[in-house]
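Please read the structure below before turning to the comments.
Both backbone and side-chain heavy atoms feed into the values below; hydrogens, waters and symmetry mates do not. Counting from 1, the numbers follow the sequence of the chain as shown.
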Amino acid sequence: MNLPINLDSLLHRRTIESERVEYKAGWNPEAVLHSISAFANDFHNLGGGYVVLGVEEQDGQPVLPPIGLQPAQIDGVQKELLNLGNAAIQPPYHPLTATYEVQGKLILVLWVAGGETRPYKARTRLGDKKADWAYYLRKHTSTVRAKGADERELLSLAATVPFDDRYRQGASLTDLSPHLMREFLQEIGSEMAAEAASFDAEALGRRMNVVGGPAEVAFPKNVGLLFFNEHPEQFFPATQIDVVYFPDGPGGDRFEEKEFRGPLGRITRDAVDYIARNYLKETVVKHPDRPQAERFWNYPLAAIEEAVVNAVYHRSYEIREPIEVRIIPEELVVLSFPGPDRSVRMEDLRAGRAVSRRYRNRRVGEFLKELDLTEGRSTGVPKILRVMQANGSPVPVFETDDERSSFLIRLPVHEGFAREGTQKVTEQVTEQVTEQVTEQVTEQVTEQVRRLLTALEAAPQGTKDLLGILKLSHRPTFIQNYLQPALEVGLVEMTQPDSPRSPTQKYRLTDKGRQWLAREQ
């Protein structure tokens, strides 16, 4: 096996810093073990390093032609490396190795990439069962034992590298889609979008900090694969959102299920929009003792969006369990794994006062915030409490277990939908609206529907375009007050995506919508 490096550059260090290369004339297992630990710890975030066996060093430079190793010796070294990686370094670590012939001599190259589970400690002495363990790091061209402030900094550095910001060494740059990255930049209105077309995947990925590693071999980061790969579930199994509806309750024979897979930003929006289109209903109740009608939703969309985004943000992508949204007549439940960090007290969470000191997926949160799907800063739970109260809904419930193995958000249905006879009232109001849309319950809704129909008069439009035309920034407001009422009365319908490679959902006027708009004009 050859390594993804240029051997000539490695031996002459034209593209690799001297701090990242160590030459050794022969096999010294203890010294090599310490160097592996140092490179894997990647104290300066340089991308690990290389140990070249069979090449002597003089004044920091390789001496060529190399001394070389015997074929039988190389086989023995590789077997011993396997044992050392399991027994003499914690957590276990195994560098990639490759044999090359240089000027008639065989050399062995060990590629030690920055480890995903750093820090790594190694035995200080081999052959001594009582020997202690120590952390090692690179200082200039030497491997040294980490002590004092350096050791504390190494431990702190490792503690601040979340899973989503680690390199995915089993993936390549071809697994990142430049199209999705450019689409993201356009969607968030970045000035970088104009020049992104001139970048290749690596340059664009480095600019967006979803690609890392040394110049000679770059790796996509986990967050890049989650947002900019069409099928992230191939790297992170169960990266999906399942929406399950039980019309007769969980014990009934009927249910509807839909899975959402794909880039993280897309499936988050698609799942929320699907729930809004299919399972959210608004009821209008007129009272004989007052002119104002009472309006409320079975579930406020903003609360659902926050609950789903919270699950996407804080779930573990190392656990093979999807996010599940379960809808029954009594409640809507969002389940994710694992639970909140132990630094968050449940009593504070339920009261909307919780502030997490550690974030499981810091980079995922950054991208969700750029997409305007979350505000971050621990505002999700307080917003759920606030919008549920504004809708007149019961107080939501937040649950986890003692082990914090899962997190469950229960959004109880509005009591108006649970009362006997509510369905009849809903059907009567819906029928009245359908027969004569111009007699909407309030002028505000009529004006919002009219504005939406006018925006769609020329051509079908996607959600993003409609937000711009209507000068709106809050998607839940658009869906609840503009789109949902128009869909329910049959004035607007959804189009089919243009193609699998262009899955943009758009909306267009129905014949009824055109007739209504013509009558109004």
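Between the side chain of D59 and the backbone N or O of Q61 there is no donor-acceptor pair closer than 3.5 Å. Of the possible donor and acceptor atoms, none in the side chain of R206 sits under 3.5 Å from a partner among the backbone N and O of N209. Judged purely by atom type and a 3.5 angstrom limit, T124 uses its side chain to pair as donor or acceptor with the backbone of D132. R20 places no side-chain N or O within donor-acceptor distance of the main-chain N or O of Y50, the cut-off being under 3.5 Å. The main-chain N or O of F199 is never found under 3.5 Å from a side-chain atom of R207 such that the two would form a donor-acceptor pair. A donor-acceptor contact shorter than 3.5 Å is absent between the side chain of S37 and the backbone of L33. Although no hydrogens or angles enter the test, the distance criterion places a donor-acceptor pair under 3.5 Å between the side chain of H34 and the main chain of R123. At distances below 3.5 Å, at least one donor-acceptor pair connects side-chain atoms of R118 with backbone N or O atoms of N41. The closest donor-acceptor contact from the side chain of D75 to the backbone of A72 lies at 3.5 Å or more, if one exists at all. Formation of a donor-acceptor pair under 3.5 Å by the R315 side chain with backbone atoms of E321 is found in this model.
In this structure, the separation between NZ on K221 and CZ on R168 is 14.5 Å, given to the nearest 0.5 Å. In this structure, CH2 in W27 is found 10.0 Å from CD in Q78, a value given to the nearest 0.5 Å. For the atom pair NZ (K121) and CG (L154), the distance works out to 11.5 Å, reported to the nearest 0.5 Å. Taken from OG1 in T268 to CG in D273, the straight-line distance is 10.5 Å, to the nearest 0.5 Å. Taking OH from Y167 and CG from L225, the interatomic distance works out to 13.5 Å, rounded to the nearest 0.5 Å. One finds the OH atom of Y313 at 8.5 Å from the NZ atom of K369 (value rounded to the nearest 0.5 Å).
In this structure, E56 and I67 approach most closely via the heavy-atom pair OE1-CD1, 3.7 Å. Residue R145 comes nearest to W133 through the heavy atom pair NH2-O, 4.1 Å, listed as atom of the first residue, atom of the second, then distance. When all heavy atoms of L373 and G265 are compared, the pair lying nearest together is CD1-O, 4.2 Å. Across P232 and P263, no two heavy atoms sit closer than the pair CD-N, 4.0 Å. Between Y100 and V109, the closest heavy-atom pair is CD1-CG2, 3.8 Å. The two residues G54 and I107 make their nearest non-hydrogen contact at O-CG2, 4.1 Å.
Salt bridge status for E306 with R386: absent, with no side-chain N to carboxylate O gap under 4.0 Å. A salt bridge links E331 to R410: at least one charged side-chain nitrogen sits closer than 4.0 Å to a carboxylate oxygen. Salt bridge status for K139 with D150: present, with a side-chain N to carboxylate O gap under 4.0 Å. Ion pairing of R363 with D164 is absent here, as no side-chain N (NZ or NE/NH1/NH2) approaches a carboxylate O to less than 4.0 Å.
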ask   = Between D175 and F219, is a side chain to side chain contact (heavy atoms under 4.5 Å, CB included) present by the stated rule, with each step listed?
value = CA-CA 10 Å; D175 293 310; F219 292 108; over 6 Å; no
ask   = Are M388 and L411 close enough, and set up right, to give a side chain to side chain contact (heavy atoms under 4.5 Å, CB included), and what steps lead you there?
value = CA-CA 8 Å; M388 288 288 282; L411 304 180; 4.1 Å; yes
request  = Would you please test V211 and L173 for side chain to side chain contact (heavy atoms under 4.5 Å, CB included) and show each step?
outcome  = CA-CA 8 Å; V211 169; L173 294 184; 3.7 Å; yes
Test log, rule side chain to side chain contact (heavy atoms under 4.5 Å, CB included), inputs M208 and L185 = CA-CA 9 Å; M208 297 179 67; L185 293 172; 4.2 Å; yes
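Considering only residues two or more places apart in sequence or on other chains, K24 meets the salt bridge (Lys or Arg N to Asp or Glu O under 4.0 Å) condition with E22.
Ring geometry for F184 versus F228: interplanar angle over 60°, hence perpendicular rather than tilted (30 to 60°). Using cut-offs of 30° and 60° for the angle between ring planes, the Y93 and Y120 rings count as perpendicular.
Atom CD of Q70 has 12 or fewer heavy atoms from other residues, nucleotides or ligands within 6.0 Å.
Residues L108 and Q73 have side chains not in contact (no heavy-atom distance under 4.5 Å, counting atoms from C-beta outward). With a 4.5 Å cut-off on side-chain heavy atoms, F43 and R138 do not count as touching. In this structure, N310 and F398 have side chains that are not in contact, with every pair of non-hydrogen atoms separated by 4.5 Å or more. Using a 4.5 Å heavy-atom cutoff, the side chains of L301 and V272 are in contact. No side-chain heavy atom of Y136 sits under 4.5 Å from any side-chain heavy atom of I36. Contact of the E257 side chain with the E324 side chain is not registered, since no non-hydrogen atoms from C-beta on lie closer than 4.5 Å. For the pair P62 and V52, the minimum side-chain heavy-atom distance is 4.5 Å or more. Contact check for E202 versus L176: no side-chain heavy atoms found under the 4.5 Å cut-off.
A side-chain N or O of N229 and one of Q234 form a donor-acceptor pair less than 3.5 Å apart.
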Let me check something: any side-chain donor-acceptor pairs from residues 236-246 under 3.5 Å, sequence neighbours excluded? List them with distances.
| from | atom 1 | to | atom 2 | distance (Å) |
| --- | --- | --- | --- | --- |
| T239 | OG1 | F236 | O | 2.6 |
| Q240 | OE1 | R261 | NE | 3.1 |
| Q240 | OE1 | R261 | NH2 | 3.2 |
| Q240 | NE2 | D242 | OD1 | 2.8 |
| Q240 | NE2 | D242 | OD2 | 3.3 |

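A cation-pi arrangement, defined by a distance under 6.0 Å to the six-membered ring centre and an angle within 45 degrees of its axis, is absent between R404 and F407.
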